[in-house]
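One structure is given below, represented as structure tokens, and several questions about it will come after.
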Amino acid sequence: MTEAPTIILHGDEIRALVSPADCIAAVEAAFREHGRGEGPAPAVLGIRTAQGGFHVKAAVLRIGRLYFAAKLNANFPANPARYGWPTIQGVVALADGENGRLLALMDSGEITRLRTGAATAVAARHLARPDSAVLTVFGCGRQSLAQVECLSRVLPLRRMHAFDRDAARAEELARAGAESLGLEAGAVAEADAFECARESDVVVTCTPARRAFLGRSHIGPGTFVAAVGADDADKQEIEPALLAASTVVADVLAQCAVIGDLHHAIDAGVLRVEDVHAELADVVTGRKPGRTRRDEIVVFDSTGTALEDVAAAALAYERAVAGGRGRAFDFAGSGDAIRS
């Protein structure tokens, strides 16, 4: 049998192949499939260095066929200022889960950007008030626009406030929100950002913060908070008291208890693992309810799971094959091996 070659997809190709709406649907289907309890749990491995760190996230998921994906990401927050490089760099390897054949290698930055925004949108569909119109975003790096794009597809957003310690990045996000999504959008100063958060229906935190900055006093009744930045044990955005006062939904509970904002609340003694309302898969499948009261504060602890990576990567791969996109590559190709 002739096998199709491994293909390589760069970020621009992934953007052309997978829209935010497509990725939201794929990620929601992945959580629904995972919620059925079939297959092994997703896994994560992290290694820190002085200036950043690396993590590997892996999962298998049946999406018609059985797919395996492993994502290797390097996360170095100083890269943009120091080198003009992205904070996150890496690769996603997608394989056939039935026979192990390597199907594709693709840019992990774009996969991560898309699937993280999509996961927030899936959570918001179930956990935010359906008439949510006002959004505040803390942290306006590469991930922020995907968050806004995806949220705008599941909620009737009208207005957005953007805050970043780099005012130029906040202004860039506000401009993109106004021009591409038609939002009333503006960059705000730090003090104003917390006041805006109190008056918002949805608050997204997607920063590299290592100390909590969003507390109970900053959030009004009924707000949906998507805590996206803490994907490492040393990162923290949400004060433990805010988590203790909220309904908490984790993307993957075991992971959040170790590397998410949840783990800081557990360490502080204000929450236990059993106090967490649900995993997102529980809510998507209906095993656990989503929002139950209009005044309920709900925090989605989004550490990022390889389930999302498999979903986004498989969709990009299938569309690339159907459309003849990507560059073919054969690891077992011709040429003499280097011998020592």
Stepwise side chain to side chain contact (heavy atoms under 4.5 Å, CB included) test for Gln51 and Arg82: CA-CA 11 Å; Gln51 301 299 325; Arg82 186 174 296 173; 3.6 Å; yes
Would you give the length of the straight line joining atom CD1 of Ile259 to atom CD of Gln236, rounded to the nearest 0.5 angstrom? 14.0 Å
Tightest non-hydrogen contact, residues Thr112 and Gln143, listed as O-NE2, 3.7 Å
So, Glu28 and His126: side-chain donor and acceptor under 3.5 Å apart, yes or no? yes
Closest non-hydrogen atoms of Ala124 and Leu151, given as atom of the first, atom of the second and distance, are CB-CD2, 3.5 Å
Counting N and O atoms only, with roles assigned by atom type, does the side chain of Thr305 sit under 3.5 Å from a partner on the main chain of Glu308, one being a donor and the other an acceptor? no
Test: Arg48 and Asp234 ion pair at under 4.0 Å: yes
Are Glu237 and Thr207 close enough, and set up right, to give a side chain to side chain contact (heavy atoms under 4.5 Å, CB included), and what steps lead you there? CA-CA 8 Å; Glu237 298 179 306; Thr207 77; 2.8 Å; yes
Taking 4.0 angstrom as the limit, do Asp131 and Arg294 come out as a salt bridge? yes
On a heavy-atom basis, the closest approach of Ala95 and Gly100 is CB-O, 4.1 Å
Minimum heavy-atom distance between Ile63 and Ala311, given as atom pair plus value: CD1-CA, 4.0 Å
Please work out which of the three classes, parallel, tilted or perpendicular, describes the rings of Phe163 and Phe138, given edges at 30° and 60°. perpendicular
Does a side-chain N-to-carboxylate-O contact under 4.0 Å join Arg175 and Glu172? no
Using 4.0 Å as the upper bound for N to carboxylate O, is an ion pair formed by Glu13 and Arg319? no
How would you list all residue pairs meeting salt bridge (Lys or Arg N to Asp or Glu O under 4.0 Å) that involve residues 153-164, not counting sequence neighbours? Asp164-Arg169
Electrostatic pair Arg165:Glu190 at N-O distance under 4.0 angstrom: yes
Minimal heavy-atom distance between Leu307 and Val60, with the atoms involved, is CD2-O, 4.4 Å
In terms of side-chain geometry, is the basic nitrogen of Asp201 or Arg129 positioned less than 4.0 Å from the acidic oxygen of its partner? yes
For Phe68, enumerate each residue passing the ring-ring contact (aromatic ring centres under 6.0 Å, His included) test, keeping only those at least two apart in sequence or located in another chain. none
CA sep, side-chain torsions, deciding dist, call: Val276, Leu271, side chain to side chain contact (heavy atoms under 4.5 Å, CB included): CA-CA 8 Å; Val276 173; Leu271 271 182; 5.5 Å; no
Residues Glu149 and Arg113 bridged, charged N to O under 4.0 Å: yes
State whether Glu110 and Arg15 are salt-bridged, where the test is any N-O pair (Lys NZ or Arg NE/NH1/NH2 against Asp/Glu carboxylate O) under 4.0 Å. yes
Give, for atom NE2 of His263 and atom CG of Asp301, the distance between the pair rounded to the nearest 0.5 Å. 10.5 Å
Before giving the answer on side chain to side chain contact (heavy atoms under 4.5 Å, CB included), spell out for Arg216 and Leu242 the whole-Å C-alpha distance, their side-chain angles and the decisive distance to 0.1 Å. CA-CA 4 Å; Arg216 177 65 188 87; Leu242 173 54; 4.1 Å; yes
